[in-house]
A.B. asks: 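This is the structure I have questions about; it appears just below.
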Amino acid sequence: MKILMLLGSPHKKGTTAALAESFVKGAKENNHEVVCINCNGLTVHPCIACTNCISHGVCVWTDDMVKIEAEATKADLIVFVTPIYYIGMTAQLKLVLDRFFSFDKVIMENKPRLALLTAATNPDEMICEPTVKQIDILAKYYGTEFVGMVNAVGCKDAEALAGTDFVQKAYELAKSL
């Protein structure tokens, strides 16, 4: 299986990085190919709803989304990885997700399954609900399956995460694929 992991955190050694690393370990143990792309620092322009992608089959922007599109359109699974900032995914990941619009017909044909890894300082899992709902609806829109998630709530940093079973849950999610 080819897995695309989109990392939305600006922190390379933070909580979501630890979740992602554990997921990758489990996936590779199952002989899955994993491509990780950190959305932070990419040059990605926002969708401007010009519909050039609909009328001409290509986005008007030529930026780092070209790399993401190349991976997303051949993935069997796309894993969205994000800290929860102010009740939602990071702007870096949302910017990338909005640009999926320009190639969503290919995604709908390929039907990659979707997964989600989040981390939040807030200990109440309800803080993750908007992001979970968004990925669940995205899976339905694509006509595919939302295979699972790990919401590491109450984890303000990697040290707090270390005292939980969330890293193991990310590993187990990957192993279950």
A.B. asks: Go through the steps for C53 and F103 under the test side chain to side chain contact (heavy atoms under 4.5 Å, CB included), then give the verdict.
C.D. replies: CA-CA 8 Å; C53 57; F103 54 88; over 6 Å; no

A.B. asks: Working to the nearest 0.5 Å, report the span between CD1 of I68 and CG of L42.
C.D. replies: 5.0 Å

A.B. asks: Against M89, only a single residue in L116, T118, I135 fulfils side-chain contact (heavy atoms from CB on, under 4.5 Å); can you say which?
C.D. replies: I135

A.B. asks: To the nearest 0.5 Å, what is the distance between OG (S22) and CZ (F166)?
C.D. replies: 13.0 Å

A.B. asks: Is there a chain of hydrophobic side chains (I, L, V, M, F, W, Y, each step under 4.5 Å between heavy atoms) that links V79 to I107?
C.D. replies: no

A.B. asks: Of the non-hydrogen atoms in A174 and N30, which two are nearest, and what is the gap between them?
C.D. replies: O-ND2, 3.6 Å

A.B. asks: Tell me, do M1 and I3 make a side-chain contact under 4.5 Å, heavy atoms counted?
C.D. replies: yes

A.B. asks: Are K2 and V35 close enough, and set up right, to give a side chain to side chain contact (heavy atoms under 4.5 Å, CB included), and what steps lead you there?
C.D. replies: CA-CA 8 Å; K2 183 165 179 57; V35 173; 3.5 Å; yes

A.B. asks: Can you tell me how the ring of W61 sits relative to the ring of H45, calling it parallel under 30°, perpendicular over 60° and tilted otherwise?
C.D. replies: parallel

A.B. asks: Rounded to the nearest 0.5 Å, what's the gap from SG on C59 to CD1 on I48? Could you check?
C.D. replies: 7.5 Å

A.B. asks: With the 4.5 Å side-chain cut-off for hydrophobic clustering, are V34 and L4 part of the same group?
C.D. replies: no

A.B. asks: Would you say the side chain of C128 lies within less than 4.5 Å of the side chain of I84, judging by non-hydrogen atoms?
C.D. replies: yes

A.B. asks: So that I can tick it off, tell me whether K111 and D76 are bridged by a salt bridge, with the cut-off set at under 4.0 angstrom between side-chain N and carboxylate O.
C.D. replies: no

A.B. asks: Pair N40, L7 - check side chain to side chain contact (heavy atoms under 4.5 Å, CB included), show working.
C.D. replies: CA-CA 8 Å; N40 188 58; L7 303 148; over 6 Å; no

A.B. asks: Would M108 end up clustered with V96 when hydrophobic side chains under 4.5 Å apart are linked, directly or stepwise?
C.D. replies: yes

A.B. asks: Does atom NZ of K105 have more than 12 heavy-atom neighbours from other groups under 6.0 Å away?
C.D. replies: no

A.B. asks: Without swapping roles, check the side chain of T144 against the backbone of P112 for a donor-acceptor pair under 3.5 Å.
C.D. replies: yes

A.B. asks: In Å and rounded to the nearest 0.5 Å, what is the NZ to OG1 distance from K94 to T82?
C.D. replies: 12.0 Å

A.B. asks: If you compare all heavy atoms of T15 against all heavy atoms of K156, which two are closest, and at what distance to 0.1 Å?
C.D. replies: CG2-C, 4.3 Å

A.B. asks: Under the side chain to side chain donor-acceptor pair (under 3.5 Å) criterion, do Y141 and D104 qualify, and how do the steps go?
C.D. replies: CA-CA 10 Å; Y141 174 70; D104 72 349; 2.6 Å; yes

A.B. asks: Mark yes when over 12 heavy atoms from residues, nucleotides or ligands other than E145 sit less than 6.0 Å from its CD; otherwise mark no.
C.D. replies: yes

A.B. asks: At what distance, to the nearest 0.5 angstrom, does CD1 of I127 lie from OH of Y86?
C.D. replies: 9.5 Å

A.B. asks: Where the side chain of N110 meets the backbone of T73, is there a donor-acceptor pair that is under 3.5 Å apart?
C.D. replies: yes

A.B. asks: Going only through I, L, V, M, F, W and Y residues with side-chain contacts under 4.5 Å, is there a path from L177 to L117?
C.D. replies: yes

A.B. asks: Taking the side chain as everything from C-beta on, heavy atoms only, tell me whether V147 gets closer than 4.5 Å to L114.
C.D. replies: no

A.B. asks: Could you check whether any side-chain heavy atom of T131 comes within less than 4.5 Å of a side-chain heavy atom of N151, counting everything from C-beta outward?
C.D. replies: no

A.B. asks: Apply salt bridge (charged side-chain N to carboxylate O under 4.0 Å, His left out) to the pair R99 and E69, showing each step before the final yes or no.
C.D. replies: CA-CA 9 Å; R99 289 282 301 283; E69 179 180 355; over 6 Å; no

A.B. asks: Test side chain to side chain contact (heavy atoms under 4.5 Å, CB included) on M65 and F100 and set out the steps.
C.D. replies: CA-CA 9 Å; M65 274 305 293; F100 270 50; 4.2 Å; yes

A.B. asks: Does a side-chain heavy-atom distance below 4.5 Å link S176 with L173?
C.D. replies: yes

A.B. asks: Where do T90 and G8 come nearest, in terms of heavy atoms and distance?
C.D. replies: OG1-O, 2.6 Å

A.B. asks: At their closest point, which heavy atom of P46 faces which heavy atom of L95, and how far apart are they?
C.D. replies: CA-CD1, 3.4 Å

A.B. asks: Got E71 and K67 here, is their nearest side-chain heavy-atom distance under 4.5 Å?
C.D. replies: no

A.B. asks: With a 4.5 Å heavy-atom cut-off, do L93 and L6 have their side chains touching?
C.D. replies: yes

A.B. asks: How close do K140 and D136 get, counting heavy atoms only, and between which atoms?
C.D. replies: NZ-OD2, 2.9 Å

A.B. asks: When rounded to the nearest 0.5 angstrom, what is the spacing between CD in Q168 and CD in E172?
C.D. replies: 4.5 Å

A.B. asks: Report yes if the side chains of C36 and F23 come closer than 4.5 Å at any heavy-atom pair, otherwise no.
C.D. replies: no

A.B. asks: Specify the closest pair of heavy atoms between A160 and D157, including all atoms of both residues, with the distance to one decimal.
C.D. replies: N-OD1, 2.8 Å

A.B. asks: Quick check on the hydrophobic clustering: are Y171 and L161 connected, directly or via other members, by side-chain heavy-atom contacts under 4.5 Å?
C.D. replies: no

